[in-house]
Amino acid sequence: MKECLKPISATILLLIFSTVAFGQKLEPKKRIIEPDHTIYSKIREKDYQLYISFPKDYSTKNTISYPVLYVLDGKYSINTIIGTRTSLDAVNEIEDVIIVGISASPYASRYDDYTTSVDTSKDEQMEEKHGLSKGRVKSGGAAKFLQSLKTEIIPFVDKNYKTNSDRGIFGHSYAGLFTAYCLVNSDGYFTRFGISSPSLWWDNEKLLKQAVTQFSNNETWNLPHTKVFISAGEDDNKGILPTMVKYSKYLERSDYNNIDLKWQIFDDESHMSMWHVSISKSIQILYDQN
């Protein structure tokens, strides 16, 4: 009888110790991403959060100034930015650059900031999709957001950090649409552009048509030397890949002497996986040390 009890006792002990072991597992540590600054925009009547990553040798004790790359939707990109710049800095692959992530508050208002014209039918679809009352969703705020960047957000960064006039901008999806808009409409204010999976289908391709006209009708373009990297995923959202290719090819055909263009379709990448792939690649291409 005692021998029969041994396996049962062993099983009970195993269950007890297993329960204790599971009970001793650690909870995930909460990681809080906090902005370096919050700026209120009078033009847009809302807050913007800034997340800043510095070159490894940045110091206030010398007179060196740095180019700045502004990354839209920065709260959700800052970890990728830090990881990318740390690894590329370690092997001296990129120039020293300050990277500033910008995020709107509330986050949903990015839709207005980044869309380049008013599309009331799309606004109504968004309201219906998210159960919002009529008039809550508004599009077409890109011109005002660009004004806010130029007169409120970037002057704040320039005042407080060791920057120079070499400015770049990166955006994905609707933010990619806005970045493509900036190339055509910011008159050389930015000189490096990372345009990722841009929503150029917006409003019956209105911005795309403006860009194609610009690229087709002007043999020269009075801009400072400008670097552009445009990308999308092979499995990107409907409408993004064909419009991105059209924008890229027309710019490529213009063959402007002052624009260094590269564009790429990434195999097997979806719309969301493209976001972080293109951040890394854009930093590498736009700030290549070689």
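We count residues from 1, following the sequence as given. Side-chain atoms are counted along with the backbone in the values below, which use heavy atoms only and exclude waters and symmetry mates.
Between F215 and W221 the shortest side-chain heavy-atom distance falls below 4.5 Å. Taking 4.5 Å as the limit, every side-chain heavy atom of P67 sits out of range of all side-chain heavy atoms of I98. Counting heavy atoms from C-beta outward, S121 and D119 have side chains that approach closer than 4.5 Å. Between L207 and W202 the shortest side-chain heavy-atom distance does not fall below 4.5 Å. Using a 4.5 Å heavy-atom threshold, the side chains of Q49 and H37 count as separate. In this structure the side chain of Y51 never reaches within 4.5 angstrom of the side chain of V100, judged on heavy atoms. Here the side chains of R85 and K56 are not in contact, with every heavy-atom distance at 4.5 Å or above. Contact check for Y70 versus I154: side-chain heavy atoms found under the 4.5 Å cut-off.
Heavy atoms from other residues, nucleotides or ligands lying under 6.0 Å from NZ of K206 number 12 at most. Within 6.0 Å of atom NZ in K75, 12 or fewer heavy atoms from other residues, nucleotides or ligands are found, so the atom counts as exposed in its surroundings. Within 6.0 Å of CG on D267 lie more than 12 heavy atoms contributed by other residues, nucleotides or ligands. For CD of E128, the number of neighbouring non-hydrogen atoms (other residues, nucleotides, ligands) closer than 6.0 Å is 12 at most. Other residues, nucleotides and ligands contribute over 12 non-hydrogen atoms within 6.0 Å of the NZ atom of K227.
Listed for the D113 side chain is no donor-acceptor partner under 3.5 Å among the backbone atoms of R110. Remark: side-chain polar atoms of S186 are not paired, donor with acceptor, to backbone N or O of L183 under 3.5 angstrom. Side-chain atoms of T84 do not come within 3.5 Å of backbone N or O of I81 as any donor-acceptor pair. Using a distance-only test at 3.5 Å, with no hydrogens or angles considered, no donor-acceptor pair links the side chain of D73 to the main chain of Y76. The backbone N or O of D268 lies less than 3.5 Å from a partner atom in the side chain of E234, making a donor-acceptor pair. No donor-acceptor pair closer than 3.5 Å links the side chain of N218 to the backbone N or O of T220. At distances below 3.5 Å, at least one donor-acceptor pair connects side-chain atoms of K162 with backbone N or O atoms of N62. Although no hydrogens or angles enter the test, the distance criterion places a donor-acceptor pair under 3.5 Å between the side chain of D36 and the main chain of I52. Between the side chain of H130 and the main chain of V137, no donor-acceptor pair closer than 3.5 Å is present. Checking side-chain atoms of Y247 against main-chain N and O of A180 turns up a donor-acceptor pair under 3.5 Å.
Looking at K122 and S139, their side chains never bring a donor and an acceptor atom within 3.5 Å of each other. Remark: the T38 side chain and the D47 side chain contain no N/O donor-acceptor pair separated by less than 3.5 Å. Looking only at atom types and distance, the side chain of H271 has a donor-acceptor partner in the side chain of S173 under 3.5 Å away. In this structure, a donor-acceptor pair under 3.5 Å is absent between the side chains of S77 and T80. Between the side chains of Q147 and T151, not a single donor N or O lies within less than 3.5 Å of an accepting N or O. Between the side chains of S59 and D57, not a single donor N or O lies within less than 3.5 Å of an accepting N or O.
To the nearest 0.5 Å, atom OG of residue S197 and atom CD1 of residue I240 are 5.5 Å apart. One finds the CD1 atom of I82 at 10.5 Å from the CZ atom of F54 (value rounded to the nearest 0.5 Å).
Taking the six-membered ring where tryptophan is involved, the planes of F193 and F190 are perpendicular, since the angle between them exceeds 60° and thus also 30°. Using bins of under 30°, 30° to 60° and over 60° for the plane-to-plane angle, the ring pair Y174/Y111 lands in the perpendicular bin.
Exactly one of V97, L69, D166, T226 qualifies for a side-chain contact (heavy atoms from CB on, under 4.5 Å) with R192. That residue is D166.
At a threshold of 4.5 Å between side-chain heavy atoms, the hydrophobic network of Ile, Leu, Val, Met, Phe, Trp and Tyr places I43 and L72 in two separate groups. Following chains of ILVMFWY side-chain contacts shorter than 4.5 Å, one cannot reach Y48 starting from Y40, and the two form parts of different hydrophobic clusters. Criterion: ILVMFWY side-chain heavy atoms under 4.5 Å apart, direct or through other members. Under it, V68 and I64 are part of a common hydrophobic cluster. Side-chain heavy atoms closer than 4.5 Å link hydrophobic residues (I, L, V, M, F, W, Y) into clusters, and following such links, possibly through other members, connects F266 to M272.
Contact record, E95 with D288: OE2-O, 4.1 Å, taken as the closest heavy-atom pair. Annotation for I39 and L50: closest pair CD1-CD1, 3.5 Å, computed over non-hydrogen atoms. Nearest heavy atom pair, residue G74 against residue S103, reads N-OG, 3.1 Å. Taking both residues in full, the closest heavy atoms of K46 and S109 are given as NZ-OG, 2.9 Å, listed atom of the first, atom of the second, then distance.
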Please report the C-alpha distance between I195 and F229 in whole Å, then the side-chain angles of each, then the deciding distance to 0.1 Å, and finally whether the side-chain contact (heavy atoms from CB on, under 4.5 Å) criterion is met.
CA-CA 6 Å; I195 302 173; F229 177 58; over 6 Å; no
If you apply the rule side-chain contact (heavy atoms from CB on, under 4.5 Å), what do you find for M274 with E269, and how did you get there?
CA-CA 6 Å; M274 263 300 300; E269 297 293 350; 3.8 Å; yes
side-chain contact (heavy atoms from CB on, under 4.5 Å) assessment of F170 paired with I283
CA-CA 9 Å; F170 171 92; I283 292 172; over 6 Å; no
Using the side-chain contact (heavy atoms from CB on, under 4.5 Å) rule, take L149 and I169 through it: C-alpha gap first, then chi angles, then the decisive distance, then the call.
CA-CA 11 Å; L149 282 175; I169 185 167; 4.3 Å; yes
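Ionic pairing of R44 and E152 is not present here: no N-O contact between side-chain nitrogen and carboxylate oxygen is shorter than 4.0 angstrom.
Both tests pass for R253 against the ring of Y250: distance under 6.0 Å to the centre and angle within 45° of the axis. Y189 carries R167 over the face of its six-membered ring, with the cationic atom under 6.0 Å from the centre and within 45° of the normal.
Aromatic ring centres of Y114 and Y181: separated by at least 6.0 Å.
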